[in-house]
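Step one of this worksheet: look at the structure below.
Computed from a predicted model, the values in this text were never measured in an experiment.
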Amino acid sequence: MERREFVKLAVFTPLALLTGCGGGSGAPSSGSGSGNSGGPGPTIYVTDQGNNRVVKFNDFIGTGWTTYGSRGSGTGQFGLLGGIAVNSQGHIYVADYTNARVVSFNDMSGTGWTVLSSAISLVGPYGVTLDSNGLIYIADFGGQRVIRVNDMTGAGALYLGSYKQAGTNQGQFNNPTAVTLDTSGHIYIVDSNNNRIVRVNDMTGAGWTTYGVAGYGQNQFNLPSNIALDSKGNIYIADTLNHRIVRVSDMNGTNWTAFGTQGNGINQFTGPTGIAIDSQNRIYVVDNGNNRIVRFDDFNGTNWIAYGSGGKGVGNFSSPFGIALH
């Protein structure tokens with residue numbers, strides 16, 4: 001099977017359905033260590049792919065569990081969801097991959113539903129993020145490019161990448177899945193099928209720098225899917241098919257550290273896809289194949305705590321993908 005087809009079939013459709021891995025029965029689960037009370041912390045938003053919905057909850061016992069969305073292509077409906085972002089006002093932005101659109105809404109009631117699609121010819125967006133000025137950045141997986149717009153009208157659109165043309169050269173991507181920014185405005189892109197991270201200075205592509213190659217060892221990735229930065233500028237990567245989280249200090253791979261092995265226990269993941277860092281530099285991971293969200297303090301797994309199991313009800317996920325904190 002050609003690599004691009006593999007991505008679409010094996011990872012960015014609900015991974016748990018293909019791997020046969022689930023989170024077991026019962027919603028909350030936690031590991032060893034002190035401080036596993038589930039809080040305090042930010043509100044957590046997750047894209048629940050297999051259930052075609054966005055989930056919101058307050059802590060790791062599921063307080064405030066709220067869902068929004070159902071399967072379809074109309075208002076209040078989603079196809080296969082990718083990444084999610086939440087702005088300072090609590091407005092929610094999601095990448096609706098199979099419906100080839102980005103959707104925003106004001107809150108979990110769905111008010112203010114707005115769609116961005118044809119204005120910028122989206123093909124299959126998988127990642128979305130916002131900068132400090134409210135500009136919207138989109139990783140257009142199917143379009144092989146990153147797009148920045150001023151707002152949900154698509155005004156001021158800027159493009160980086162070759163439209164529908166995958167490649168390995170400078171200015172090219174092969175199925176980008178996520179995008180984030182540092183405090184200096186540098187843009188970091190997960191170039192998933194090229195098994196690398198790309199950093200550029202701005203949307204002109206200036207300062208193009210890549211990090212990573214295909215593999216299982218140090219400075220190598222196997223279908224990475226998401227990225228986050230902590231307050232010190234460390235880079236965290238969800239290395240999906242290596243079933244681990246990787247942390248480096250810079251784009252040279254300085255201080256490479258990997259955390260996690262394959263499984264469903266403490267300090268284990270099955271196909272992690274989403275990652276976020278809170279104001280205390282605690283690490284949140286969407287453990288896709290285990291249908292759970294986990295949080296830990298550091299790469300020793302200190303205060304490991306997990307929440308979720310497979311299903312459709314309260315405390316249940318079906319191949320969750322993206323995560324945002326607010």
Side-chain angles (χ1 to χ4, degrees), residues 3-4 6-7 10-12 15 19 21 31 126-127 139 166-170 172-182 184 186-200 207-277 281-290 294-304 321 323:
R3 179 75 168 173
R4 184 177 173 188
F6 174 79
V7 173
V11 176
F12 301 123
L15 185 146
T19 63
C21 295
Y126 231 97
T168 60
N169 296 326
Q170 184 168 333
Q172 294 183 317
F173 303 105
N174 192 348
N175 299 134
T177 55
V179 58
T180 194
L181 293 92
D182 66 20
S184 299
H186 298 124
I187 306 163
Y188 297 73
I189 301 121
V190 179
D191 190 9
S192 186
N193 255 358
N194 282 327
N195 292 293
R196 67 186 183 184
I197 305 305
V198 174
R199 188 188 68 192
V200 293
W208 176 279
T209 306
T210 66
Y211 171 66
V213 295
Y216 308 95
Q218 186 168 334
N219 303 323
Q220 297 178 328
F221 302 108
N222 188 6
L223 224 60
S225 57
N226 224 309
I227 188 168
L229 305 175
D230 69 15
S231 63
K232 299 178 181 178
N234 293 313
I235 306 165
Y236 297 74
I237 299 134
D239 189 9
T240 302
L241 293 189
N242 281 329
H243 308 287
R244 65 188 182 185
I245 304 302
V246 170
R247 183 185 65 204
V248 292
S249 298
D250 53 41
M251 290 290 287
N252 296 314
T254 305
N255 296 321
W256 164 283
T257 309
F259 174 73
T261 57
Q262 186 173 6
N264 60 12
I266 297 170
N267 300 343
Q268 293 184 321
F269 308 105
T270 298
T273 54
I275 188 164
I277 313 294
N281 286 331
R282 295 180 297 186
I283 305 151
Y284 297 68
V285 176
V286 179
D287 190 7
N288 179 290
N290 288 320
V294 301
R295 187 187 73 197
F296 45 97
D297 292 354
D298 53 43
F299 268 39
N300 295 314
T302 305
N303 290 329
W304 170 280
F321 184 87
I323 185 169

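Contact annotation: the side chain of F296 approaches that of V285 to within less than 4.5 Å [non-hydrogen atoms, C-beta and beyond]. You'll find the side chain of T254 stays beyond 4.5 Å of the side chain of V248, heavy atoms only. In this structure, P224 and N195 have side chains that are in contact, with non-hydrogen atoms separated by less than 4.5 Å. Taking the side chain as every heavy atom from C-beta outward, I237 and F221 approach each other to under 4.5 Å. When side chains are defined from C-beta on, I197 counts as touching I227, because their heavy atoms get closer than 4.5 Å. Annotation: side chain of N219 is not in contact with side chain of V213 (no heavy-atom distance under 4.5 Å).
Side-chain contact, T168 with N194: no donor N or O sits under 3.5 Å from an acceptor N or O. Counted by atom type alone, N255 and S249 present one or more donor-acceptor pairs between their side chains at under 3.5 Å. Side chains of S225 and T273: a donor-acceptor N/O pair is absent below 3.5 angstrom, by distance only.
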Go through the steps to decide whether Y236 and F259 satisfy the test side-chain contact (heavy atoms from CB on, under 4.5 Å), and finish with yes or no. CA-CA 10 Å; Y236 297 74; F259 174 73; over 6 Å; no
Audit row: N252, Y211, side chain to side chain donor-acceptor pair (under 3.5 Å) steps and yes/no: CA-CA 7 Å; N252 296 314; Y211 171 66; over 6 Å; no
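Counting all heavy atoms, side chain and backbone alike, I277 lies closest to I283 at CD1-CG1, 3.9 Å. N281 and S231 get closest at one heavy-atom pair: ND2-OG, 2.9 Å. What you find for T210 and M251 is that their closest heavy atoms are C-CE, 4.0 Å. D239 and R244 make their closest contact through OD2-NE, 2.8 Å (heavy atoms, listed as atom of the first residue, atom of the second, distance). In this structure, A228 and A276 approach most closely via the heavy-atom pair CB-CA, 4.2 Å.
Taking the six-membered ring for Trp, Y126 and F321 have ring centres closer than 6.0 Å. Taking the six-membered ring for Trp and the full ring otherwise, the centers of F269 and W304 sit less than 6.0 Å from each other.
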